[in-house]
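Here the structure is a predicted model, which means the values were calculated and not measured.
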Amino acid sequence: VMQQSMSGMGMPKGSDREKIFVGGIPHHCTLEMLANYFSRYGRITDAVVMMDKTTGKPRGFGFVVFEHVSCVEAAIADYGKHAIDGKWVDVK
């Protein structure tokens, strides 16, 4: 599986406590779009949009790693409100 990652290292770094899963992202969603959207919750240390290694197209999910757990809690608290480019996304 290929990834489009801020760190360039594949799966994002950081403990699971600072990481959120983002599912159902639009297929045209870029790493920049994902990071820009979630930056409202705090400083992002890494992020990744998972890509299909065969087609090179986004797989519809990714991860965001924040500097602090409080950012994760704030993002999860807004669970029903998340939309990237008009499409609701699942945050866990």
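Here the straight-line distance linking atom CD1 of Ile76 with atom SG of Cys71 works out to 11.5 Å at 0.5 Å rounding. How far CZ of Phe63 is from CG of Leu34: 11.0 Å, rounded to the nearest 0.5 Å. With rounding to the nearest 0.5 Å, the separation of CZ in Phe66 from NZ in Lys19 is 13.0 Å. Annotation: the span from Arg17 atom CZ to Glu73 atom CD amounts to 8.0 Å, rounded to 0.5 Å. Separation of atoms OH (Tyr79) and CG (Asp90) is listed at 3.5 Å; rounding is to 0.5 Å. Rounding to the nearest 0.5 Å gives a distance of 4.5 Å between CE of Met33 and CG of Asp85.
Minimum interatomic distance between Glu18 and Glu67 (heavy atoms only, all atoms of both residues): CG-O, 4.1 Å. Across all non-hydrogen atoms, the minimal contact from Ile25 to Val49 is CD1-CG1, 4.1 Å. Nearest heavy atom pair, residue Pro58 against residue Cys29, reads CG-O, 4.3 Å.
Environment of NZ in Lys57: sparse, with no more than 12 heavy atoms of neighbouring residues, nucleotides or ligands closer than 6.0 Å.
In terms of modelled atom types and a separation under 3.5 Å, the side chain of Lys92 and the main chain of Ile20 share no donor-acceptor contact. Proximity of a side-chain donor or acceptor of Asp52 to a complementary backbone N or O of Thr55 within less than 3.5 Å is detected. Judged by distance alone, with hydrogens and angles left aside, the side-chain atoms of His82 form a donor-acceptor pair with the main-chain N or O of Ala75 at under 3.5 Å.
Side-chain contact check for Ile84 versus Pro26: some heavy-atom pair is nearer than 4.5 Å.
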Practice item. In sequence, state the C-alpha distance, the side-chain angles, and the governing distance for His68 and Tyr41, and then conclude on ring pair (Phe, Tyr, Trp, His ring centres under 6.0 Å). Key: CA-CA 10 Å; His68 298 288; Tyr41 294 100; over 10 Å; no
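With a 6.0 Å cutoff to the six-membered ring centre and a 45° limit on the axis angle, Arg40 does not count as a cation-pi contact of Phe38.
Phe21 and Val48 end up in the same hydrophobic cluster when Ile, Leu, Val, Met, Phe, Trp and Tyr side chains are linked at under 4.5 Å.
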